[in-house]
Structure formats: C-alpha cells, structure tokens
Amino acid sequence: MEKLTLDDIKEYLETKYIGRDIIYLDTTTSTNDIVKEMAEKGASEGLIVIAEEQIKGRGRMGRRWITGKGKALAVSILLKPDIKPDICPSITSLIALSAVKAIRKATNYDIMIKWPNDLVLNNRKLGGILTEMSMEGIKVKYIIIGLGLNINQEVFDDDIKNIAVSLKSFSGKNFDRRIILSEILNYFESDYENFKRYGLEYFVEDIKRYSIIFGKDISVIDGNKIVNGKVVDIDKEGGLILKTSEGELRKIISGDVIMEGLYNIYTNKI
Ligand code: BTN
C-alpha cells in the first residue's frame, strides 16, 4: 500500500501551499475534526489531514462515511479565505470541479458531478465532499473541506453496495493514490486562486458541463420539502435553477437530488 505523506507525494505535487503541510494518520475519528483542532491551534491555510481509517467518518446530513483502509482517500483541507459565509457553499462546488478534472486526467473516465457535492462514475457514487466552516462574529474564520474518494476498494458494505463505486470496482484496475491525491491538490490550488479573484462565476460553464443532472428532470429533497423540476441552470453561486411543471423557476441552494437512472440514497438502488 502506497503511503500518502509529503515525502511520498512530493514528486507529483506542484502546489505552493495546499498540501505542503500534511498530517498523515493511520486511524483517526474524522480528518475534518483533526483539521478543526489544528485550525484552533493556529495552523496555516493549506494544511491537509489524511487518514487511512476513520472511526467517525462523517458525510452530509449526519450520515456516516466509511473509508476502506489503505484503499480509499479521506482527506481534509484547511482554508482561510476572506469571504462572506454565504459564499461558503461555492467552495464545495469548486472542489467538486477540481476533483472531477483531476480524476478525469488521471483515469480518462467519465467522472461527473452530482450537485452539490458528489462525484459520480457509471451512475454510482465515487466520492463525496463535506464542507464545514467556523465563524468569528460575522466573518469566516476558516473552512474545512473533507473529501472522501473510493479508489481501490473491491467490495462495499451491504448498505452501500448498490450505490457506491470505486475506480477499481469499475475498471478492475488498481490506481496509485499518490497520483490521484496530488492531481486533486494541484487542480484545486490553481482553481482556488482563480476563485478568490473572480468568484465561482468563472467556473460555472465547467460546472454545468460536468453536471450529471444538467437538463434533466429531478426531485430535490431538503428536510421535508420536495421540489420537482428540470435543471435549466446553475447560477454564479452554484445554486440550482429548476423549472417546475407549472413553468415557474425555483432556486435551490441545498438538498439531495433524486434522478432516474442515478443512485438513490433513500432506496439504496439505481
Ligand atoms: C458525503 O457524501 O456525504 C460527504 C462525504 C465526505 C467524507 C469525507 S472523508 C474525509 C472527511 N472526513 C470526514 O469525516 N468526512 C469527510
């Protein structure tokens, strides 16, 4: 099993500050929690924490996240951008795009984004993103981006086996996690720099191009609300614009997407 320390990845890493400080752990609770701890102690922007196993790996909406030991990627990045809290969800769309470009480059597979924060391969879930932020007054103190990616797992637990995919389960091939990780960090640093300069607007065309739900009829579930419609746009903040059957335009900023032919976390089926 390849390790993921800075020494192990530095030959592939082209960044200036993202991933130049790496905490690499065998086992931890959740890499997001370790980044939080370090941020509270004053760690600098760009710190990343990687773990081979997470005992309390977290997904969105309080779900759990399993990381196949030595076979997957569980990484969290510390960011300290000078942005307003309402811009934070854009960071999720941004890293989703960077990761898609990076994994496409490393594999040539047709990786897509399932809004807002899933990576999809072959209509199944390849990875997910959990962005968390800490505030100081009305300002963003720091942001933690957690990325979980299925790479070399061959089997999945029963509760996710119908919805999850790894690069290996799709192709039968093993992938070098050092290269995948480095490519993601390389793309992300350059995208993050442009994001700070130009905002998410700069990336919206690419986000639409790689969106598996763009132009499709979907349902979005947010708590106990459900909205049905066709995805007609993704706006410059990363929000979904749905056209309902009554012809009304609705902007959606969060929720789980249900689409025919795509994995469904509520039924555990395609
Ligand atoms: C989701 O799809 O619901 C998001 C999954 C995010 C998982 C990653 S793995 C690294 C980081 N640490 C965590 O506890 N969660 C994120």
Side-chain angles (χ1 to χ4, degrees), residues 59-61 63 65 72-73 89-131 145 147-151 153 156 160-171 175 180 183-184 187-188 191 200-201 203-222 226-244 249-270:
R60 286 169 70 226
M61 322 255 178
R63 297 183 192 114
W65 183 263
L73 198 58
S90 308
I91 299 262
T92 301
S93 299
L94 184 73
I95 184 115
L97 176 65
S98 311
V100 160
K101 291 187 287 191
I103 308 163
R104 279 177 171 251
K105 184 176 173 204
T107 65
N108 261 323
Y109 301 151
D110 213 2
I111 316 290
M112 300 293 280
I113 302 167
K114 176 176 174 243
W115 184 92
N117 66 342
D118 284 4
L119 305 181
V120 177
L121 171 60
N122 201 23
N123 291 325
R124 289 170 176 250
K125 180 157 172 164
L126 181 72
I129 297 156
L130 176 68
T131 306
I145 308 177
L147 171 70
L149 200 60
N150 301 324
I151 300 187
Q153 296 103 307
F156 291 100
I160 54 167
K161 71 168 186 241
N162 296 318
I163 62 176
V165 68
S166 71
L167 295 174
K168 170 125 192 201
S169 73
F170 172 71
S171 65
F175 285 84
I180 309 252
E183 286 293 2
I184 292 173
Y187 272 98
F188 180 65
D191 289 344
L200 193 71
E201 192 168 6
F203 299 96
V204 162
E205 283 313 307
D206 274 351
I207 291 173
K208 286 186 208 172
R209 187 148 66 97
Y210 294 127
S211 169
I212 198 162
I213 64 170
F214 194 71
K216 300 279 169 43
D217 285 309
I218 63 162
S219 305
V220 186
I221 303 181
D222 190 4
I226 176 157
V227 184
N228 303 307
K230 187 192 277 294
V231 182
V232 291
D233 205 1
I234 294 178
D235 73 7
K236 59 182 176 17
E237 280 130 32
L240 273 192
I241 309 296
L242 289 192
K243 190 171 193 174
T244 65
L249 292 181
R250 297 276 293 268
K251 174 167 171 168
I252 314 283
I253 52 171
S254 72
D256 285 316
V257 170
I258 310 289
M259 182 183 115
E260 210 179 301
L262 196 58
Y263 65 87
N264 179 331
I265 52 162
Y266 295 100
T267 61
N268 189 21
K269 284 194 190 114
I270 300 255

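Reckoned from all heavy atoms, side chains included, excluding hydrogens, waters and symmetry mates.
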**Q.** Non-neighbouring partners of V204 that pass side-chain contact (heavy atoms from CB on, under 4.5 Å), sequence neighbours left out
**A.**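 If we apply the side-chain contact (heavy atoms from CB on, under 4.5 Å) test to V204, skipping adjacent residues, the hits are K208.
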
Q | Results of side-chain contact (heavy atoms from CB on, under 4.5 Å) for I253 - residues two or more places apart only | A |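 With neighbours one apart ignored, the set is K251.
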
Drop me the distance from [X]'s [atom1] to [Y]'s [atom2], to the nearest 0.5 angstrom.
X    : Y    : atom1 : atom2 : result
I241 : L249 : CD1   : CG    : 7.0 Å
Q153 : N150 : CD    : CG    : 4.5 Å
D191 : S93  : CG    : OG    : 12.0 Å
F203 : K236 : CZ    : NZ    : 15.5 Å
I218 : N228 : CD1   : CG    : 9.0 Å
L119 : Y210 : CG    : OH    : 13.0 Å

Considering all heavy atoms of both residues, which atom of [X] and which atom of [Y] are nearest to each other, and what is their separation?
X    : Y    : value
I129 : L147 : CG1-CD1, 3.7 Å
S90  : L200 : O-CD1, 3.6 Å
S171 : Y109 : CB-OH, 3.0 Å
S98  : Y187 : O-CB, 3.8 Å

Sub-4.5 Å side-chain heavy-atom contact between [X] and [Y]:
X    : Y    : result
V227 : L242 : yes
R104 : M112 : yes
T92  : I145 : no
I234 : S211 : yes
S166 : F175 : no
I180 : L149 : yes
D222 : I252 : no
F170 : R124 : no

Whether [X] side chain and [Y] backbone form a donor-acceptor pair below 3.5 Å:
X    : Y    : result
W115 : G238 : yes
R60  : G255 : yes
K114 : I212 : no
T107 : I103 : yes
D256 : I221 : no

Please output the side-chain donor-acceptor pairs of residues 258-265 that fall under 3.5 Å, not counting sequence neighbours, one pair per line with the distance.
residue, atom, partner, partner atom, Å
Y263, OH, D118, OD2, 2.5
N264, OD1, Y266, N, 2.7
N264, OD1, T267, N, 3.3

By salt bridge (Lys or Arg N to Asp or Glu O under 4.0 Å) - contacts of [X] (at least two apart):
X    : result
D206 : R209
R250 : none
K243 : none

(Q) Determine whether F188 and L94 satisfy the following criterion, side-chain contact (heavy atoms from CB on, under 4.5 Å), listing intermediate values before the conclusion. (A) CA-CA 8 Å; F188 180 65; L94 184 73; 3.7 Å; yes

**Q.** Positive for side chain to side chain contact (heavy atoms under 4.5 Å, CB included) with L240, one of V231, V232, D233, D235
**A.**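 So the option named by the test is V231.
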
